[in-house]
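Remember, predicted model here, so these are calculated numbers, not experimental data. In the text below, chain A, chain B and the rest are named by the order of the sequence lines, each starting its count at 1.
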Amino acid sequence: MLIDNVKTEILTTVESACQNRFGQKPEGLKLGYPPQVELGDFTIECFPLAKQFRQNPAQIAQAIAAEIEPSESIQAVRAVGPYLNVKVYNRTLFGGVCDEIVRQGESLGRSNMGQGQRVMVEYLSPNTNKPLHLGHIRNGVLGMGVSKLLDATGHTVIKANLVNDRGVHICKSMLAWRKWGNRETPETAGIKGDHFVGEWYVRYAQEEEKHPDIEQETQIMLRKWESGDPETRKLWEMMNGWVYSGFAETYQKLGLEFDAFYYESHTYNLGKDLIQTGLDKGAFVKVADGAVIAKLPVDEFGTQRDGSQKVETLLRSDGTSVYITQDLGTAKMKFDEHQLNRSIYVVGSEQNYHFQCLFKLLDMLGLEWASGCYHLSYGMVNLPEGRMKSREGTVIDADDLIEEMIQLAADEIRGRDAEGRLSDEEIQKRAFAIGLSAIKFYLLRVRPELTINFDPKESISFDGFTGPYCQYAYARCASILRRAETEDLTSVEPDFSLLGHEEELQLIRALIQFPEVVEEAARDLSPARICNHLFTVAQTVNQFYHKHPVLAAESPPLIKARLALINASAVVIKKALALLGIETLEEM
RNA sequence: GCGCCCGUAGCUCAGCUGGAUAGAGCACCUGACUUCUAAUCAGGUGGUCGCAGGUUCGAACCCUGCCGGGCGUGCCA
C-alpha cells in the first residue's frame, strides 16, 4: 500500500470519527510525526479543533480515539494529551514504503509542484580577468543545488551564466600581456588559461604601482574595444578564450552545468529603451545635468544621511549606461526569450541593495513579471583570519582548494588501504568523489544567508555532519546489498511485520519524510534542508547498522525485510546526495 | 543617519513556518573492532534561545523597542 494512501486513510478516518462524534467535518487537520517513534508513526494535533468543537483539545482527542476501530493498515489510534497518535501496522509501514522507494529509484522525490513553471537560475557569473575562488564555489554549488531542487519538483529550469567579459578590468590583463607577455600562451607557459590571464592581471596591478600613468593606456584600450578596433577585439577574444577553457575545466570538476551563457559584451547596451519608457511614463526623471535618475520610495529604502529621499542613477549625465541599466535590459531579455515565470539571481549578499533597486525599478516600469524576480542572496565566505582580500593575497583559489581536498582524501584512502589492494586509478576516483563531497557539503549545509567561516582544517574533517560521512553510510548499505547477492534468498519472502525496533522505526520515518523535505527545500531554495535530512538518514542508518545485523538476522524473512530497508535507505541517500551534486561510491 | 541580514551549548549550526521535555555535529572525558567496512557506534559533561516588553490556551519562532555583529547606502561592478 502506498504511504500516501495510508496518510489519506488516516485523515479520512479521523474526519469521519469527528462527523460521528461532533456532527461536523474537522477543519485544518494536519498530519505530522510524534517526537518519539514509540508514540506512533503519525500524529494529528487537536488544537485547531478546540475552537470548532468548543472543547479542550485533550477531550477531543479522547473522543476521536474512542470512535476509531483498527483497520487493515491502521493498528491503533491513541490519544495522548491533545495529540492523536496513530500506529500503522509494521507490515504496511515498512513493506509499503520500502517497495515504493525502491520502485521509484532515481525519480524518488519527484513532484509536480512546479508543473508548468519556467524558472531561470542565473549563477556564478564570473569576471574573465582572474580565476575562480572559494566564493565562486559557494555560488556555484548553491546555484546548481537550487536548480536540481527546482528540476526535481517539476519546474522547467534554465541555468544561466552571465559572464562579465568586458570593461576596464579585462583591459588591464590584456594590456599587461601585450606589453610584457612576449606572445606567451597558456600552452607554452604550461598554466591553466584562467590562471594565466589572472597572472597578467596581477602583473598589471604591480606595474601600476610603479607607473600610475599606464591607467591612461587602459582607458585608450577600453575605448578601442568599444569602437570595435579589430586588433583589440582579436586580443580580447584570444585571452577570453583562454579563460573560458580554464573555467570549463573547473565547472566540470565541480559539476556545474549551464543551459545559457550571456555575455556582458552583448548585453551592456541593453536597457536604454526601458529608461526611455520610464521617462515617458514619468516613473524616472531627467535631472539638470542630463543624468536620468529614479527616486526610491522611502518606506522601502529609507533615507539618505541628510534625511532626503534616496535616488538611483540610471544613465550618466553623458548619456552612457551604468551597471543597473544593462541589468534592467537583461532582466527583460530573459523573460522575453524564455517565457519565464520566475527569474532567480544567485548573487552574494553584498549586492542586496543593488537587487532591491533593480526589482523596484522593474516594478516602477509597470512590468508585470517584475514580481517573478528574486535575489537568492548568500553570505560571504570568510577565512579564520577574516575576509578574503585579493590585494592581500588571501583569496583561496578554487582549483587549488579542489586539488588540496582531493590530495587529503587520497592520503586518507591510502592510509586505510594498508595492503595496497587499490589501483592508483581507483584511489584517484575515490579521492575525487570524497574531496569534492567534503567541499560541497561544507558550503551547502548551512542556510544561504549565513556567513561561512571557512576553516580549512575543519573542512577536511570527515567526521560528523559532512559529505563523506553520508557517502560512507551509503557505501555500507551497498556493501551489505552486494554480499546479499551472493546468498540464495530468492525464494524467501520478506516479513515486514518482524521489523519494529526503535532504530528501524526511526529509519523508516526518515525515509518517509524525504519527499516532503525535497518540496520544502525547493520551496525555500535551500539545499541546506537536504543536507540536514540526509545527515539524519545517514546517522540513523549507522545506528541501525550497529545494533541490528542484516545478513545474520534470526530468520530469512527477517533478513529479506532488513535488506529491503537497507535498499530503500541506499536509494534515499543516493538521491539526496545527487540533489547536492555529490557522487556516491559503492566502496570507500 | 538609513536599509537589509545575522544573534540558540565553549565553537559551527538544526529547529518541520506558533505546539509534546529546545536538538545535532565539533571539542572534551569514558567505553565498543575474532561479528554485514571503526571514515562507525554507545554513554557523559555542556542552555536565562542577545536583552526588555507585547500578542496567544501555548513563543526560539509573530509584533515593538533596545544591544551586539555583518553587508550596503545616486553618475563602480
Side-chain angles (χ1 to χ4, degrees), chain A residues 32-36 39 43 45 47-48 50-51 56-57 80-83 85 127 164 167-169 264 287 289-296 298 300-307 310-318 320-324 326-327 348-354 356-357 377 379-380 382 387 409 412-413 415-416 434 445-447 449-453 455 458 461-466 468-469 471-473 475-484 513 516-517 520 523-524 528-529 531-533 535-536 539 542-543 545-553 562-563 566 587-588:
Chain A
Y33 305 89
Q36 283 97 32
L39 291 169
T43 194
E45 296 172 359
F47 297 103
K51 216 175 274 173
N56 81 54
V80 179
Y83 298 94
N85 291 335
N127 292 348
N164 186 346
V168 248
H169 50 294
E264 294 200 0
V287 291
D289 63 2
V292 176
I293 58 142
K295 294 184 177 175
L296 303 168
V298 176
E300 290 173 58
F301 289 81
T303 62
Q304 301 197 67
R305 266 174 203 284
D306 61 8
K310 285 211 159 204
V311 156
E312 181 78 3
T313 298
L314 308 177
L315 278 183
R316 293 192 185 97
S317 36
D318 64 3
T320 56
S321 303
V322 290
Y323 185 64
I324 205 157
Q326 60 164 306
D327 263 8
S349 60
E350 67 272 21
Q351 295 202 43
N352 283 357
Y353 180 75
H354 172 75
Q356 198 192 348
C357 285
S377 168
M380 328 206 70
N382 290 334
R387 205 169 159 170
E412 177 73 26
I413 294 163
R416 53 186 49 247
I434 294 168
R445 67 184 189 175
V446 300
R447 304 198 308 275
E449 62 269 29
L450 294 185
T451 302
I452 292 180
N453 290 304
D455 182 346
E458 196 197 328
S461 163
F462 299 153
D463 290 328
F465 188 30
T466 66
Y469 176 93
Q471 286 175 309
Y472 183 63
R476 280 180 147 177
C477 293
S479 171
I480 294 174
L481 295 169
R482 256 196 319 277
R483 279 168 186 269
Q513 290 171 332
E516 302 164 30
V517 171
E520 283 166 13
R523 186 194 60 205
D524 296 352
R529 282 190 180 267
C531 290
N532 280 306
H533 191 72
F535 180 63
T536 302
Q539 208 174 21
N542 277 328
Q543 286 161 0
Y545 180 96
H546 269 271
K547 202 145 180 195
H548 305 290
V550 176
L551 297 171
R562 285 192 176 153
L563 276 172
I566 285 293
E587 289 180 75
M588 276 176 77

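The phosphate of B/C75 has neither OP1 nor OP2 within less than 4.0 Å of any side-chain N or O from A/Y323. In this model, the phosphate group of B/A42 is approached by a side-chain N or O of A/Q543 to a distance below 4.0 Å at OP1 or OP2. The side chain of A/Y472 contributes an N or O atom lying less than 4.0 Å from OP1 or OP2 of B/A39. Put simply, A/R447 has a side-chain N or O that comes within less than 4.0 Å of OP1 or OP2 on B/G7. Close to B/A39, at under 4.0 Å from its OP1 or OP2, lies no side-chain N or O of A/R476. For the pair A/Q513 and B/C16, the criterion of a side-chain N or O lying under 4.0 Å from OP1 or OP2 is not met. Neither OP1 nor OP2 of B/C26 sits under 4.0 Å from any side-chain N or O of A/Y469. Proximity of A/R445 to the phosphate of B/G25: no side-chain N or O atom is located under 4.0 Å from OP1 or OP2.
Using N1 to N3 plus N6-O4 or O6-N4 for Watson-Crick, or N1-O2 and O6-N3 for G-U wobble, each under 3.5 Å, B/C62 pairs with B/G54. The nucleotide B/G7 finds its pairing partner in B/C67, both defining distances of the Watson-Crick or G-U wobble pair being shorter than 3.5 Å. Base pairing analysis places B/G74 opposite nothing; no Watson-Crick or G-U wobble pair with both distances below 3.5 Å involves it. Pairing partner, B/U40: B/A32, with both Watson-Crick or wobble hydrogen-bond distances short of 3.5 Å. Across all strands shown, B/U12 forms a Watson-Crick or G-U wobble pair with B/A24, both key distances being under 3.5 Å.
Taking all atoms of both residues into account, the shortest heavy-atom contact from A/Q356 to A/E300 is NE2-O, 3.1 Å. Taking both residues in full, the closest heavy atoms of A/P549 and A/R562 are given as O-NH1, 2.8 Å, listed atom of the first, atom of the second, then distance.
Ring geometry for A/Y469 versus A/F535: interplanar angle of 30 to 60°, hence tilted.
Regarding A/E350, its CD atom lies at a distance of 10 Å from the C1' atom of B/G72, rounded to whole Å. When the P atom of B/C57 is taken as reference, atom NZ of A/K51 falls 8 Å away, rounded to whole Å. In this structure, A/Q356 places its CD atom 13 Å from P of B/G74, rounding to the nearest Å. If you take CD of A/E587 and P of B/A39, they are 14 Å apart, rounded to a whole angstrom. At whole-Å resolution of the value, CZ in A/R523 and P in B/C16 are 10 Å apart.
Each of B/U21, B/U37, B/A77 was ranked by its minimum atom distance to the side chain of A/N164; first place goes to B/A77. Ranking B/G19, B/A20, B/C76 by closeness to the A/R316 side chain, first place goes to B/C76. The A/N542 side chain lies nearest to B/C41 when the options are B/C41, B/C71, B/U37. The side chain of A/I413 lies closest to B/A39 when the candidates are B/A20, B/A77, B/A39. Ranking B/G72, B/A77, B/U40 by closeness to the A/H546 side chain, first place goes to B/U40. When the nucleotides B/C36, B/C13, B/A77 are ranked by their closest atom to the side chain of A/H354, B/A77 comes out on top. For A/L450, whose side chain is taken as the heavy atoms from C-beta onward, the closest listed nucleotide among B/C16, B/G74, B/C6 is B/C6. Proximity note for A/E520 (side chain, C-beta onward) versus B/C71, B/A77, B/C16: the nearest is B/C16. When distances are taken from the side chain of A/R387 to each of B/A39, B/G72, B/U37, the shortest belongs to B/G72. Closest to the side chain of A/I293, out of B/A20, B/G15, B/G74, is B/G74.
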Show your working on side-chain contact (heavy atoms from CB on, under 4.5 Å) between A/E312 and A/Y353 and close with a plain yes or no. CA-CA 11 Å; A/E312 181 78 3; A/Y353 180 75; 4.0 Å; yes

Would A/V322 and A/L314 count as a side-chain contact (heavy atoms from CB on, under 4.5 Å) here? Give the steps. CA-CA 6 Å; A/V322 290; A/L314 308 177; 5.6 Å; no

Any chance you could lay out the side-chain contact (heavy atoms from CB on, under 4.5 Å) test for A/Q513 and A/T536, step after step, and finish with the verdict? CA-CA 11 Å; A/Q513 290 171 332; A/T536 302; over 6 Å; no

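With a glycosidic angle no further than 90° from 0, B/U17 counts as syn. B/C33 adopts a syn glycosidic conformation, its chi angle falling within 90° of 0.
Judged by distance alone with a 3.5 Å cut-off, a donor-acceptor contact links the side chain of A/D289 to the base of B/C75. For B/A20, the base has a donor-acceptor partner in the side chain of A/T43 [N/O atoms by modelled type, under 3.5 angstrom].
Between the side-chain ring of A/F47 and the base of B/G19, a stacking contact exists by the 5.5 Å and 30° definition. The aromatic ring of A/F535 does not sit over the base of B/A24, since the test of centres under 5.5 Å and planes under 30° is not met.
Inspection of the A/N542 and A/Y472 side chains reveals no N or O donor paired with an N or O acceptor under 3.5 Å.
Between A/E458 and A/R445, at least one side-chain nitrogen of the basic residue sits less than 4.0 Å from a carboxylate oxygen of the acidic one, meeting the salt-bridge criterion.
The residue among A/G302 and A/D463 whose nearest nucleotide of RNA chain B is located toward the 5' end is A/G302. If A/R305 and A/N532 are placed on RNA chain B by their nearest nucleotide, the residue sitting closer to the 5' end is A/R305.
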